[in-house]
Structure formats: structure tokens, C-alpha cells
Asks: 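Have a look at this one.
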Amino acid sequence: MSRLSLEECTNVINGLPPLSSALNRLLSALENDMAGANDIARIISFDQALSANILRLVNSAYYGYPNQITSIDHAVVILGFNAIKSLALGLAVVNIFTEKVYKESKKMHFWEHSLGTAVASRLLMSKINKNYSEEAFTAGLLHDIGKMVFLLSFKDDYVKLYDEAKGDSNNMQFLESEAIGADHAKVGTHIAKKWCFPSKLCAMIQYHHTPEKLKDFDQMTVITGCIVYMANWVSHMSILGKKVTDCPSEKFFQLKDILKIPDELLNAIHSSLNTHINEIKRFFNMA
Ligand SMILES: [Fe+2]
Ligand SMILES: [Fe+2]
């Protein structure tokens with residue numbers, strides 16, 4: 001394949017719209033210790049699409065609450081600030097890319113893979129520290145956004161690279177670096193910084209194939225990075241129709257031992273992944 005231009009990616013990144021001002025207002029209110037659930041609910045209520053999506057999600061089988069939740073106030077209390085922050089950010093980013101290259105991304109199973117990584121990250125983290133499970137979900141959902149920038153820049157030429165890599169992450173990074181001069185982790189970090197993602201999320205995107213490089217961050221960021229690394233593989237294996245035990249990454253099994261993740265949990269996540277993806281797809285308007 002002829003060399004694809006990195007300059008093209010930079011133009012695409014510069015041309016992407018900023019995240020909405022409503023979202024930025026919401027994110028800064030969520031960072032503010034003084035903000036209460038009522039304040040957050042009021043900001044969300046101004047955004048009809050976000051309100052509708054949050055109510056749809058909180059009432060979905062994915063969250064599994066027994067009673068119908070009909071108000072944003074109630075949803076904010078039930079989901080918690082971390083979940084609201086993660087979901088609002090995830091939804092905004094997904095909307096920007098699905099609007100532009102949904103058809104092409106389907107050829108790469110991009111969203112199945114990203115949602116699978118998000119769900120697996122959330123389930124793995126909920127066994128380690130429930131307080132961080134929504135952050136793990138968002139890091140899983142957005143870990144590969146650099147691929148979306150490549151897809152926007154090169155369309156079907158990038159899909160060809162994906163086909164060539166045959167679902168192997170290492171192969172993909174190698175092919176990207178060779179053809180474009182940068183891999184999706186690097187380009188993903190540029191877009192994450194442009195959109196002012198929290199710095200820990202930027203780092204997790206940058207190092208999702210090399211979580212050992214997160215060692216200077218706090219312990220939970222390191223753990224989340226390791227979990228996203230593992231979830232990425234669980235999601236790949238599921239799409240390839242292979243068992244988790246067939247994962248070709250040695251690092252995957254080393255992290256499994258370090259984090260003390262039991263085989264039963266990994267197998268349960270792997271076998272329920274498609275069901276979860278189908279539930280969560282509706283929330284992201286991909287059903
Ligand atoms: Fe990746
Ligand atoms: Fe990935």
C-alpha cells in the first residue's frame with residue numbers, strides 16, 4: 001500500500017468540531033465538589049438528547065433496575081456522578097464519529113470491539129473496585145478512537161489495513177506505523193487532548209497497548225490501564241470467535257495473574273459479551 005499521509009490526519013483532527021458547550025458545562029459541574037445532584041440534573045435537562053439517552057440507559061437491561069425511572073433527578077442519584085460523566089463523554093464522542101463514518105466503521109467491527117472492550121473493562125473493574133467501573137467503561141469505549149481518525153482520513157484504505165492485520169493488535173500497530181508514520185494510540189492521544197479529556201483518560205488511550213508505561217500514574221490509573229489492555233483482548237477474541245485461553249498475548253496472562261482475575265470470571269465475561277453489546281448498542285443509537 002502507498003504511504004498514507006500523517007498530515008491528512010492532522011487536518012482531520014483540526015477539522016473535528018469541539019465537544020458541545022452543554023457537555024463542557026456538565027463536565028465542569030461534575031468536577032465541582034459543591035455541585036449537587038439537582039444542579040447536575042438541571043444541566044442535563046437542558047440537553048434533550050442526553051436526557052432521553054440517560055433515561056433509556058438507566059431503564060435498560062444493562063443496568064437492570066427493577067422499577068421504571070422516569071426523572072433525570074432520580075437517574076443522576078441512581079447512576080452517580082462518575083457514571084453520568086463517563087456516559088455523557090462517551091456519548092458525545094460516539095455521536096461525532098458515528099455521524100461521519102458509521103458505514104465504514106461497521107466493516108471493521110469497530111463499535112462492537114469498542115463496546116465489547118468497554119463492557120469487559122466495566123465488569124473486570126467491578127470485581128476490583130466498583131467506584132472505578134464507569135471510568136474503566138469509558139476508557140474501554142474510547143481506547144481506539146485514533147482508529148476513527150484514521151478511518152475519517154483514509155476511509156477504505158484504512159479498512160484494507162485492518163483486514164491485513166487479521167485482528168492482531170500488534171500487527172495493526174506495525175502496519176499503521178509503516179503506512180502512516182504513527183499508530184492509533186498516538187493519534188488517539190492527540191484527539192483526546194484536543195477535546196480536553198481528563199489527563200488520566202488521555203494516558204490510558206496513549207498506553208492501552210503498553211499499560212506498563214503508566215507506572216508513574218496513581219495506582220487506580222495503572223490498574224484501569226491494565227484492565228483495558230485485558231478487556232481489549234477479551235473483546236478481540238470474542239469477535240474472532242475464539243476462546244480467551246487462545247489469546248496470543250503473553251502480557252494478557254501475566255496481568256491476569258497480577259490482578260488475580262479468575263478464569264471463571266474471564267469466561268463468564270467472554271460468553272456474555274455479545275448480549276451486553278446488543279443491550280448497550282441501543283443507548284448509543286447503533287441498534
Ligand atoms: Fe488499540
Ligand atoms: Fe482495541
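Position 1 is the first residue of the sequence, and the numbers go up from there. We use all heavy atoms of the structure for the numbers below, so side chains are in, but hydrogens, waters and symmetry mates are not. Note that ligands are numbered from 1 as they come in the structure, with each ligand's atoms numbered from 1 the same way.
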Asks: List-wise, which protein N, O or S atoms are found short of 2.8 Å from the Fe ion (ligand 2)?
Replies: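 Under 2.8 Å from the Fe ion (ligand 2) - ignoring waters, which are not counted - the protein N, O or S atoms are His113 NE2, His143 NE2, Asp144 OD2, Asn232 OD1.
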Asks: Pair Lys100, Leu16 - check side-chain contact (heavy atoms from CB on, under 4.5 Å), show working.
Replies: CA-CA 10 Å; Lys100 293 177 188 294; Leu16 282 170; 3.9 Å; yes
Asks: Would you give the length of the straight line joining atom OG1 of Thr245 to atom CG of Asp263, rounded to the nearest 0.5 angstrom?
Replies: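 So the gap between those two atoms works out to 8.5 Å.
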Asks: Under 3.5 Å, is there a donor on one side chain and an acceptor on the other for His184 and Gln173?
Replies: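 Per modelled atom types, His184 and Gln173 side chains form no pair under 3.5 Å.
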Asks: Which of these passes ring-ring contact (aromatic ring centres under 6.0 Å, His included) with His143: His209, His236, His113?
Replies: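 Of all the options given, the one that passes is His113.
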Asks: Between Ile191 and Val187, does a side-chain contact (heavy atoms from CB on, under 4.5 Å) hold up when you go through it step by step?
Replies: CA-CA 7 Å; Ile191 186 72; Val187 168; 5.8 Å; no
Asks: Angle between ring planes, Phe150 versus Tyr158, binned at 30° and 60°: parallel, tilted or perpendicular?
Replies: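 Tilted: the ring planes of Phe150 and Tyr158 meet at 30° to 60°.
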